[in-house]
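Report on the structure given below.
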Protein chains: 2
Amino acid sequence: MSRSNPRVLSTLERAGGFASAQEVYRLMQREGESIGLTTVYRSLQSLVNDKIVDVLRRDDGEAIYRLCGDAHHHHLVCKNCGDTVEIEGGAIEKWAKVMAEEHGFREVGHTAEIFGLCSKC
Amino acid sequence: MSRSNPRVLSTLERAGGFASAQEVYRLMQREGESIGLTTVYRSLQSLVNDKIVDVLRRDDGEAIYRLCGDAHHHHLVCKNCGDTVEIEGGAIEKWAKVMAEEHGFREVGHTAEIFGLCSKC
DNA sequence: ATGGAAATGAAAATCATTTTCATTTGTGAT
DNA sequence: ATCACAAATGAAAATGATTTTCATTTCCAT
Ligand SMILES: [Zn+2]
Ligand SMILES: [Zn+2]
Ligand SMILES: [Zn+2]
Ligand SMILES: [Zn+2]
């Protein structure tokens, strides 16, 4: 378990809170920071483990990372431009709990994501 | 634009309506069908273009395809033994639609999965 | 049968991500 | 300050899915 290099997080912030590992790396290079691609990957993974950033997938499968408030929430993602809206889980929070109980599952978590075309696309 | 090889679609059906290109390919090989991996990829792409199949991403980024007509459902997965129960989306279905409309999104799909420990674990 | 278009697939290329491993850096004890 | 050891780093190689190339085969209309 490696700890995240703080410059990676700060770069992700500066990127507008939305970038792939490769983009964070290129950004740091352009700004003259000396860092290896491997460290960027490791740092982002560590931030994901610590739930400081979220990871989603672009349409082409590349993983993109974004700063994420700690409150539990879900995402509405444009599958064309990648624009993301954070939304409340609403009814599905209860749905997950009920379904789990109904089948005798404990310690449950859930994922839920909506994807489509945003109004601009 | 190539046309889809019908054996690919039939294999995807047989796979239970949820498989990656590599899995479809391996399945066809195992059953003695002669086909190239390239053709499997091309056929699946073509089926996606024609909206006959849906494409999503696994957590590891691999693309998975499923028949659109398949009854839509979700999964309750044991994170210890992997046991899976198919469940109805219930409240989620409406939630996704409402959230999408609220933010002006069109052509929306969604993913939702519950994971926890099953009664045996 | 003939010519051209579409389909096929083996092999190479691409590209994100992971793994390996040798080196550097940081920390704490003496 | 010195030594010892653990953690962090990064270059290079490996991995693995997907795409591209391109030569060959299959189809189809004339
Ligand atoms: Zn968009
Ligand atoms: Zn939720
Ligand atoms: Zn279990
Ligand atoms: Zn659903």
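Naming convention: chains lettered A, B, ... in sequence-line order (proteins, then strands); numbering from 1 in each chain.
Rounded to an integer number of Å, the gap from Leu44(A) CG to dA16(C) P is 14 Å. With rounding to whole Å, Arg57(A) atom CZ is found 13 Å from dA16(C) atom P. Taking atom OH on Tyr41(A) and atom P on dT15(D), their separation rounds to 17 Å, with Å as the unit. In this entry the distance linking OH of Tyr25(A) with P of dG10(D) reads 9 Å, nearest Å. For Leu47(B) and dA7(C), the CG to P distance is 13 Å, given to the nearest whole Å. Distance, Asp59(B) CG to dA16(C) P: 20 Å, rounded to whole Å. Asp60(A) has its CG atom 17 Å from the P atom of dT14(C), to the nearest Å. In this structure, the CG atom of Leu37(B) is 9 Å from the P atom of dA10(C), given to the nearest Å.
Among the nucleotides dT9(D), dT17(C), dT18(D), the one closest to any side-chain atom of Gln22(B) is dT18(D).
Checking the phosphate oxygens (OP1, OP2) of dT9(D), no side-chain nitrogen or oxygen of Thr38(A) falls inside 4.0 Å. Contact between the side-chain N/O atoms of Asn5(A) and the OP1/OP2 oxygens of dT9(D) is found at a separation under 4.0 Å. Contact check, Gln45(B) against dT18(D): no side-chain N or O comes under 4.0 Å of OP1 or OP2. Phosphate contact (OP1/OP2 of dA7(D), side-chain N/O of Arg3(A), threshold under 4.0 Å): absent.
Counting non-hydrogen atoms under 4.0 angstrom, Glu62(A) reaches the backbone sugars and phosphates but no base.
For the pair Glu23(B) and Arg58(B), the salt-bridge criterion is met [side-chain N within less than 4.0 Å of a carboxylate O]. Salt bridge status for Glu62(A) with Arg57(A): absent, with no side-chain N to carboxylate O gap under 4.0 Å. A salt bridge is defined here as a Lys NZ or Arg NE, NH1 or NH2 lying under 4.0 Å from an Asp or Glu carboxylate O, and Arg66(B) with Glu13(B) fails to meet this definition.
A donor-acceptor contact shorter than 3.5 Å links the side chain of Arg106(B) to the backbone of Cys121(A).
Only one option out of Leu67(A), Asp54(A), Thr84(A) pairs with Phe18(A) in a side chain to side chain contact (heavy atoms under 4.5 Å, CB included); it is Thr84(A).
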